[in-house]
Structure formats: C-alpha cells, structure tokens
Amino acid sequence: MFQSADHDPFAAVLRPPPGETPEQREEREAAEAQALEVSNRIDAEIKAAKYALKKQKKPIRVLVLGQSMSGKTTTIKNFQIAYAQKSWAEERSSWHIVILFNLVRNVNTIADTLNEETTLSISDGRRSTLTEWHRSIMFRLTPLRRIEKDLKAFLGKGSSEAAEVDPPKRPNTSSGLRDSPSASQLSLQDDVKKAQEFCIWSSSGWKAILDQVKTQSQGKDSQVPRVVRTVVTSCKDDIWNLWNDAVAQSLVRAKYGRLEETPGFFLNDIDRILSPDYTPTDQDIVRARLRTTGVQEYRFTLDKGTGTARDWVMYDVASIRTSKAAWIPYFPDITALIFLAPVSSFNERLVENPRINRLEDTFVLWKTVCSSKLLSNVQLILFLNKTDILARKLEQGIQVKDHIPEFGGNKNDFLSVAEWFRRVFKRLFIDNNGPSNRRFIAHFTNVIDTRATQHTLQAVQSAILRSDIEEAGLM
Ligand SMILES: Nc1nc2c(ncn2[C@@H]2O[C@H](COP(=O)(O)OP(=O)(O)OP(=O)(O)O)[C@@H](O)[C@H]2O)c(=O)[nH]1
Ligand SMILES: [Mg+2]
C-alpha cells in the first residue's frame with residue numbers, strides 16, 4: 001500500500017534538516033559525496049579481491065590417456081556436450097566435412113579390397129570373383145580417390161592414421177606444460193629427449209582443425225566442401241549398390257571383419273548425410289574419426305551439481321605407447337587421470353606393431369601409470385571402454401581365450417568377460433599402487449552413447465572433486 005513521505009523512514013532520514021543554511025547545505029552535500037566515494041571504493045576493492053580470488057583458484061587438471069583409438073577424444077567431446085554447449089553448437093556444421101571424409105574413406109577401403117582381389121586372382125591364376133558390373137562401378141568411383149587426397153590436404157595431419165605417417169617431432173611449447181623436468185627427475189633426462197613430441201600442438205586438435213575448416217570454407221578454398229558434396233552425391237547410388245553387394249561384402253568381411261563396426265563408419269547413413277538440409281547430430285560427431293597428434297589442451301568451466309564454477313583443463317594425450325613414462329614430468333599439478341582401456345580390442349593387434357595384442361599393450365600402459373611415483377597422488381579413473389563392440393564380438397562367438405590365453409576356461413559371455421577384464425585391471429592397480437591410498441575407480445563405458453556417458457561423467461566429476469579436496473587437506 002502507498003505510504004506518504006511522512007511515514008517513510010528513509011525519506012525522513014534523507015530529508016534536509018529544517019532551517020538548513022546554504023553553508024550548512026554545502027557542507028552536508030560535500031560530506032555525502034565523500035561518503036559515496038568511500039563506498040564506491042570499497043565496492044571496487046571487494047570486486048577486485050573477488051576477481052583475484054577467482055584467478056587464484058587453480059583449475060583442475062585432468063590427463064586423458066590410452067592407446068590410439070581408445071576413445072580419449074570422444075570422451076572429451078562428451079565433456080564438451082555436457083559443459084560447453086555453446087562451442088559445441090558452433091562447431092556442429094564444421095563436422096560435416098569430417099563426416100564426408102570418413103564416408104569417402106569407407107568407400108575407398110572397399111574399392112582397395114576389390115582391387116586387391118583383382119591383383120590376387122591374376123597372380124594366383126584363378127578366375128576373379130568380380131564381374132564387369134564391379135569393374136564399371138569401381139571405375140565410376142575413381143573420382144573419390146582424388147576427393148580423399150584433397151580432403152586430407154584440407155583437414156591436415158589428423159586425417160591420416162598413425163600407421164600412415166612418421167612420428168611427430170616438434171619443439172616444446174608452453175600452455176601449462178613444464179619447460180624442463182625438475183632436478184629430482186634428472187634421471188629421466190634421456191627419456192625426456194624422447195618426450196619432445198609431448199608438447200601441446202595447438203594446430204592439430206579437433207578445434208584447430210575445425211577452425212581451419214571454417215576459415216578455409218570462407219576463403220579461397222571455399223569450393224572444397226561444395227565440390228566434395230557434389231561429387232559424393234553424384235556417386236551415391238554406386239556407393240550404396242557396392243556396399244550392399246554380396247561379393248564385395250564377403251571380400252571386405254574376410255579382410256576387415258565387420259567394417260560397420262570400425263571407427264568413422266558412415267555408409268549406412270549415406271542418405272541422411274547427403275540430404276540437402278543435413279546437420280551432424282551429436283551421435284554423428286562422437287562417431288566421427290579424426291586422429292589426435294601430440295597433446296591437446298581443452299578448457300571447460302564445470303559448475304553442474306557442485307554449486308560453484310570451477311575451471312577444468314583436460315589434456316588429450318595421444319601417441320602414447322611407450323611403457324617408459326617419459327611424458328609424466330611434463331604434466332605438473334594433475335588432479336586426476338582418466339585412462340581409456342578399449343576392452344573390445346582383445347582380438348586385435350597394434351597397427352604399429354602387429355606382434356602385440358592391443359589389450360595386452362593397454363595392460364602394460366595401465367601398469368606403468370599405476371606404478372609411477374610421479375603420479376602417486378593423482379586419482380586414476382579407468383574407463384573400460386567400447387563395451388558395445390565387446391558385447392557384439394562375444395555374441396558373434398569370438399573366444400577371448402584364443403587371444404588372451406590367461407582367460408582360460410572362463411565363460412565367454414559379456415558379463416563374465418567384462419568382470420574378468422575389470423579384475424585384471426584391479427589386480428594390476430593393487431599390485432602397482434605402492435603406498436598410495438587412492439581408490440580403484442572403474443566404469444564400463446561406451447562413449448559414443450552420449451546419454452549414458454553423461455551419467456558416468458557426473459560420477460567422474462564427483463570423484464575428481466573429492467580427490468582435489470582431499471589433496472588440499474580439507475577432508
Ligand atoms: N562403438 C564405439 N566406438 C567408439 C567408442 N569410443 C570411441 N569410439 C570410436 O572410436 C574412434 C576412435 O576414438 P577417438 O576418441 O578418436 O580415439 P583416441 O583415443 O582419441 O585416438 P587417437 O587420437 O588416435 O589417440 C572414433 O571413431 C570413435 O567414434 C565406444 O565406446 N564404442
Ligand atoms: Mg584422439
């Protein structure tokens with residue numbers, strides 16, 4: 001209800017005193033102005049102190065580690081979906097060209113297999129399983145060779161797999177990495193030399209590549225995405241017919257197993273991807289494949305669930321295979337390490353060294369991480385990843401014991417196998433953890449399932465924050 005000035009206590013206080021002389025008025029106004037100035041100064045000081053405090057609050061640093069193709073970058077994409085929606089939305093359309101590149105590679109992989117069959121049949125002196133129909137389709141698909149080459153040039157290093165390129169070499173850069181190891185780490189000097197490659201390459205992360213795509217799409221190379229779309233669209237029927245041909249499928253299966261389960265496979269989505277109004281979905285983006293080279297740094301502000309915002313820096317550490325942990329001293333102040341173990345790889349061999357089983361290689365890397373004294377205060381979080389592919393392989397009857405003899409006569413169903421793998425990782429953790437009192441934390445994941453992964457990330461966030469608080473001695 002309206003109150004008259006007579007009943008308003010503030011109006012009463014602020015009203016000039018009755019009978020105030022002009023001198024008294026001047027004096028009063030000067031005092032009021034001074035009081036206002038002091039109040040403004042205090043406000044500014046509080047603001048500056050708050051800002052300094054915020055700046056002082058160190059970000060939480062998380063290493064993401066695992067062999068090539070284990071799902072490190074895909075895990076970080078999930079963090080971006082959860083905590084950096086704006087930049088995720090901005091990048092969405094740029095993924096289109098990466099997805100087209102993946103699709104073109106799928107087609108050329110099939111064409112390579114068919115070419116091989118032609119060569120082999122000639123050298124074996126037998127009749128090829130291919131017909132004139134195959135040959136004419138392959139002829140019409142030859143422009144896709146040139147398209148793949150152009151796209152590789154357009155997208156840069158990340159578009160070639162590790163086996164296709166020389167190991168990266170570059171001088172060290174800054175961005176949160178230590179310039180040189182401390183005195184206590186001098187024994188690692190030799191390894192450190194080899195670790196030159198573990199520097200942050202701002203030029204090869206997916207963000208840098210997408211920025212480049214954006215810039216090039218506006219500049220002189222702007223015709224590349226348009227030409228790619230036009231050429232691929234003109235080949236669409238041939239691509240679809242070839243992919244659905246029984247002879248081609250059996251040759252591809254004999255060489256690669258199920259091509260549709262390999263990373264960056266988009267042939268079954270060709271209609272959708274080539275439709276004029278196509279925009280990549282979250283699912284398409286997490287399935288797209290771009291290799292990471294060197295070490296990439298990603299920053300997020302995480303505030304969901306905790307009430308207070310906190311900056312996180314995540315390092316996507318690619319190209320790590322060495323069991324000598326030369327790279328460790330380069331990452332100071334790490335709170336947690338997310339380790340990606342692709343459990344579906346139990347029947348695969350390393351591309352770089354076909355004598356080594358991929359999962360056994362992961363066991364070795366995990367052991368190195370668990371036993372590292374430099375990481376002894378770092379909370380380890382294990383993602384037993386690619387469980388969807390593991391389940392499919394076991395359903396197809398692939399026997400774990402044929403590839404990992406220690407598995408022996410255990411049951412070959414998903415639950416038994418997954419639990420057996422978890423126990424192996426846990427045993428390696430316990431045996432190599434030393435005096436550290438950190439807990440064993442493991443999650444079964446399929447990081448291309450963005451919904452399920454969001455739940456895992458919440459648990460991961462809580463575990464990491466808890467570890468950060470414990471380290472600060474607040475618990
Ligand atoms: N089906 C399935 N695919 C996955 C999963 N995790 C990752 N992928 C796919 O596997 C491919 C490789 O994943 P990345 O995240 O690029 O692997 P990475 O560890 O970053 O590999 P590098 O950059 O070579 O070190 C991508 O095409 C992903 O979509 C998973 O849990 N299930
Ligand atoms: Mg990567």
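What you see below is based on every heavy atom in this structure, not just the backbone, and it leaves out hydrogens, waters and symmetry mates. One is the number of the first residue; the rest follow in order along the sequence. Remember, it's 1-based here, ligands and their atoms both numbered in the order they're listed.
Remark: F407 engages W420 in a ring pair (Phe, Tyr, Trp, His ring centres under 6.0 Å) (not counting sequence neighbours). Residues satisfying the ring pair (Phe, Tyr, Trp, His ring centres under 6.0 Å) criterion with H96, sequence neighbours excluded, are Y278.
Atom numbering of ligand 1 starts at 1 in the shown order; those under 4.0 Å from a heavy atom of T74 are 7 (C), 13 (O), 14 (P), 15 (O), 28 (C). Heavy-atom proximity to V286, at under 4.0 Å, picks out these atoms of ligand 1: 28 (C), 29 (O). Contact atoms of ligand 1 toward I389: 1 (N), 2 (C) (distance under 4.0 Å to a heavy atom of the residue). Atoms of ligand 1 lying under 4.0 Å from any heavy atom of G264, numbered from 1 in the order shown and given with element: 27 (O). Set against the non-hydrogen atoms of N446, the atoms of ligand 1 under 4.0 Å away are 30 (C), 31 (O), 32 (N). Atoms of ligand 1 lying under 4.0 Å from at least one heavy atom of T73, given by number and element, are 15 (O), 20 (O).
Considering backbone and side-chain N/O atoms, K386 comes within less than 3.5 Å of an N/O atom of ligand 1. Geometrically, ligand 1 and G71 share a nitrogen or oxygen pair separated by less than 3.5 Å. Considering both main-chain and side-chain atoms, R291 never comes within under 3.5 Å of ligand 1 through any nitrogen or oxygen pair. The distance criterion of under 3.5 Å between nitrogen or oxygen atoms is not met by T387 with respect to ligand 1.
Residue-level proximity to ligand 1 for T75 is absent, since no heavy atom of it falls below 4.0 angstrom. Contact annotation for A288 and ligand 1: only backbone heavy atoms (N, CA, C, O) come within less than 4.0 Å of the ligand. Under 4.0 angstrom from ligand 1, the non-hydrogen atoms of T292 come from both its backbone and its side chain.
Within 6.0 Å of NZ on K426 lie no more than 12 heavy atoms contributed by other residues, nucleotides or ligands.
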Query raised in the report: Going through the distances and angles, do E90 and R92 end up as a salt bridge (charged side-chain N to carboxylate O under 4.0 Å, His left out)?
Result: CA-CA 6 Å; E90 282 165 7; R92 191 177 291 282; over 6 Å; no
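Contact between G66 and ligand 1 is absent, with no heavy atom of the residue lying under 4.0 Å from the ligand.
Nearest to atom 22 (P) of ligand 1 by heavy atom, out of R289, R287, Q67, is R289.
Sorted by first and then second residue, the side-chain hydrogen bond (donor to acceptor under 3.5 Å, both in side chains) pairs involving residues 340-349 (not counting sequence neighbours) are N347-K393, E348-R358, E348-K393.
Proximity of E148 to F101: side-chain heavy atoms (C-beta onward) are separated by under 4.5 Å at one or more points. Counting heavy atoms from C-beta on, the side chains of M69 and R289 come closer than 4.5 Å. Taking the side chain as every heavy atom from C-beta outward, F383 and T75 approach each other to under 4.5 Å.
Aromatic ring pairs are classed by plane angle as parallel below 30°, tilted from 30° to 60° and perpendicular above 60°; the pair F440 and W366 is perpendicular. The aromatic rings of Y298 and F300 lie parallel to each other, their planes meeting at an angle below 30°, with 60° marking the opposite boundary. Taking the six-membered ring where tryptophan is involved, the planes of H403 and F346 are perpendicular, since the angle between them exceeds 60° and thus also 30°.
Protein N/O/S atoms closer than 2.8 Å to the Mg ion (ligand 2), listed by chain and residue number, are T73 OG1, T292 OG1.
The backbone N or O of R272 lies less than 3.5 Å from no partner atom in the side chain of D269, so there is not a single donor-acceptor pair.
Among I270, V107, N268, N106, the one residue that satisfies the side chain to side chain contact (heavy atoms under 4.5 Å, CB included) test with W243 is N268.
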